Amino acid sequence: MRYAVLGTGIVGRTVAARLDSLGHRVVIGTRDPGATLGRAEYSDWQEVHPEVGLAGFAEAARDGEVLVNATGGQVSVAALTEADAAHLDGKILIDIANPLDFSGGFPPGLDPVDDDSLGELLQRTFPGLRVVKTLNTMNCQIMVDPARVAGEHHVFVSGEDADAKKAVRELLHSFGWPEASVIDLGGIETARGTEMLLPVWLRLMSALGHTDFNFHIQGA
């Protein structure tokens with residue numbers, strides 16, 4: 001498959017590297033490729049992952065069969081707008097971003113929140129996309145290597161398109177998530193709940209002093 005990972009931060013690079021290791025063709029999308037290559041952290045990473053391409057948002061979205069939103073949640077709409085709707089229609093967007101709002105300092109709040117979510121906002125703004133919200137409730141290393149956390153733990157999936165969710169589940173399995181660990185919450189409006197786990201996640205990070213943890217749902 002050809003994947004376009006939008007976002008050059010640690011989350012985007014981690015997901016891109018894992019997709020590359022699985023044999024997929026991967027390009028990372030950014031607003032300014034030249035400026036991105038000028039950052040030491042990215043250029044050093046690129047040397048280790050020479051097969052992963054780098055392009056502007058529009059070129060990356062045009063070439064990708066499946067898109068991954070790893071941009072900051074507050075700029076996701078702008079990034080996808082720059083990607084151009086003509087390059088988005090009919091494609092799956094795996095939305096792993098959270099709408100963290102740092103305007104009031106740390107810890108951040110969420111915007112949107114309560115009666116809306118980033119996942120819904122993206123689906124509403126770009127109706128041609130098939131948005132699937134997942135992997136946004138954990139550290140990026142656990143996203144692509146769930147064995148970092150011992151025992152059973154879970155990843156959530158939200159979205160309107162059954163075929164898109166099936167394809168995303170298959171990708172999650174290739175990352176190492178067993179079938180029993182994937183919980184389909186329903187439509188894209190259920191992304192409100194998973195995004196609102198972030199304030200809890202941030203406080204757990206502070207309390208535990210690390211990020212190698214995840215949520216486990218224990219049934220009766």
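Everything quoted here is computed from the prediction, not taken from an experiment.
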Spacing of Thr71 atom OG1 and Leu122 atom CG [to the nearest 0.5 Å]: 7.5 Å
Please check: side-chain N/O of Ser43 versus main-chain N/O of Gly38, any donor-acceptor pairing under 3.5 Å? no
Within the side chain of Thr36, is there an N or O that forms a donor-acceptor pair under 3.5 Å with the backbone of Asp32? yes
Any side-chain heavy-atom pair from Pro178 and His173 closer than 4.5 angstrom? no
Are Ile10 and Met205 connected into the same hydrophobic cluster when the rule is that any two of I, L, V, M, F, W, Y join if their side-chain heavy atoms are below 4.5 Å apart? no
Is a donor from one side chain sitting under 3.5 angstrom from an acceptor on the other, for Glu51 and His49? no
Let me check something: do Trp45 and Leu6 share a hydrophobic cluster, defined by ILVMFWY side-chain heavy atoms less than 4.5 Å apart, either directly or through other members? no
Establish whether Val11 and Val52 are linked, either directly or via other cluster members, by ILVMFWY side-chain heavy-atom contacts under 4.5 Å. yes
To the nearest 0.5 Å, what is the distance between CD on Glu160 and CD1 on Ile188? 6.5 Å
Indicate, with yes or no, if Val75 and Leu88 share a hydrophobic cluster defined by side-chain heavy-atom contacts under 4.5 Å among Ile, Leu, Val, Met, Phe, Trp and Tyr. no
Sidechain-backbone polar pair: Trp177 side chain, Met143 backbone, donor-acceptor under 3.5 Å: yes
Enter the distance from Gln74:CD to Leu118:CG here, rounded to the nearest 0.5 Å. 8.5 Å
Distance-minimising heavy-atom pair for Pro33 and Ala55: CG-C, 3.7 Å
Between Trp201 and Phe215, does the ring centre distance come in under 6.0 Å? no
Determine yes or no for a side-chain-to-main-chain donor-acceptor pair under 3.5 angstrom, with Ser117 supplying the side chain and Val113 the backbone. no
Just do the side chain to side chain contact (heavy atoms under 4.5 Å, CB included) check on Leu67 and Phe57 with the steps written out, would you? CA-CA 11 Å; Leu67 313 180; Phe57 286 132; over 6 Å; no
List the atom of Arg124, the atom of Pro127, and the distance in Å for their closest heavy-atom pair. O-CD, 3.7 Å
Only pairs at least two apart or in different chains count here, so list each side chain to side chain donor-acceptor pair (under 3.5 Å) that has a residue in residues 2-11. Thr8-Arg39
Ignoring hydrogens and angles, tell me if any N or O in the side chain of Thr194 forms a donor-acceptor pair with the backbone of Ala191 under 3.5 Å. yes
For the atom pair OG1 (Thr137) and CE (Met196), what is the distance rounded to the nearest 0.5 Å? 13.5 Å
To the nearest 0.5 angstrom, please state how far the CD1 atom of Ile142 sits from the CZ atom of Phe175. 14.0 Å
Distance col, row Leu172:CG vs Leu135:CG, nearest 0.5 angstrom, shows 5.0 Å
Sequence neighbours excluded - salt bridge (Lys or Arg N to Asp or Glu O under 4.0 Å) pairs with any residue from residues 140-154: Arg148-Asp212
So among Asp163, Asp89, Asp161, which one has a salt bridge (charged side-chain N to carboxylate O under 4.0 Å, His left out) with Arg130? Asp161
Step by step, work out the side chain to side chain contact (heavy atoms under 4.5 Å, CB included) result for Phe156 and Thr190. CA-CA 10 Å; Phe156 308 107; Thr190 63; over 6 Å; no
Report, one line per pair, each donor and acceptor closer than 3.5 Å where one atom sits in a side chain of residues 91-106; sequence neighbours left out.
{"unit_1": "Lys91", "atom_1": "NZ", "unit_2": "Ala61", "atom_2": "O", "d": "2.5"}
{"unit_1": "Lys91", "atom_1": "NZ", "unit_2": "Arg62", "atom_2": "O", "d": "3.2"}
{"unit_1": "Lys91", "atom_1": "NZ", "unit_2": "Gly64", "atom_2": "O", "d": "2.8"}
{"unit_1": "Lys91", "atom_1": "NZ", "unit_2": "His87", "atom_2": "O", "d": "3.2"}
{"unit_1": "Asp95", "atom_1": "OD1", "unit_2": "Asn69", "atom_2": "ND2", "d": "2.9"}
{"unit_1": "Asp95", "atom_1": "OD1", "unit_2": "Ala97", "atom_2": "N", "d": "3.3"}
{"unit_1": "Asp95", "atom_1": "OD2", "unit_2": "Lys133", "atom_2": "NZ", "d": "2.8"}
{"unit_1": "Asn98", "atom_1": "OD1", "unit_2": "Asn136", "atom_2": "ND2", "d": "2.9"}
{"unit_1": "Asn98", "atom_1": "ND2", "unit_2": "Asn136", "atom_2": "O", "d": "2.9"}
{"unit_1": "Asp101", "atom_1": "OD1", "unit_2": "Ser103", "atom_2": "N", "d": "3.0"}
{"unit_1": "Asp101", "atom_1": "OD1", "unit_2": "Ser103", "atom_2": "OG", "d": "2.8"}
{"unit_1": "Asp101", "atom_1": "OD2", "unit_2": "Ser103", "atom_2": "OG", "d": "3.3"}

Can you pull out every salt bridge (Lys or Arg N to Asp or Glu O under 4.0 Å) where at least one residue sits in residues 180-194? Sequence neighbours excluded, please. Glu120-Arg192, Lys165-Asp184
Could you state whether Val132 and Ile183 fall into the same hydrophobic cluster, counting links through intermediate Ile, Leu, Val, Met, Phe, Trp or Tyr residues with side-chain heavy atoms under 4.5 angstrom apart? no
Please list all pairs passing the salt bridge (Lys or Arg N to Asp or Glu O under 4.0 Å) test where one or both residues lie in residues 8-28, with sequence neighbours left out. Arg13-Glu41
Identify the heavy atoms of Glu82 and Ala58 that sit nearest to each other, and give their distance. O-CB, 3.7 Å
Does the His154 side chain pair with the main chain of Ile217, one donor and one acceptor, at a distance under 3.5 Å? yes
Counting distance only, does the side-chain N/O of Ser158 pair as donor-acceptor with the main-chain N or O of Leu185 below 3.5 Å? no
Kindly indicate whether the side chain of Pro199, heavy atoms from C-beta on, has any atom under 4.5 Å from the side chain of Leu110. yes
Suppose we screen for salt bridge (charged side-chain N to carboxylate O under 4.0 Å, His left out). Which residues come up paired with Glu179, at least two apart in sequence or across chains? Arg169
Where do Phe126 and Val131 land on the side chain to side chain contact (heavy atoms under 4.5 Å, CB included) test, with the steps shown first? CA-CA 9 Å; Phe126 306 99; Val131 179; over 6 Å; no
Show your reasoning for whether side chain to side chain contact (heavy atoms under 4.5 Å, CB included) applies to Met138 and Val149. CA-CA 11 Å; Met138 65 198 72; Val149 175; over 6 Å; no
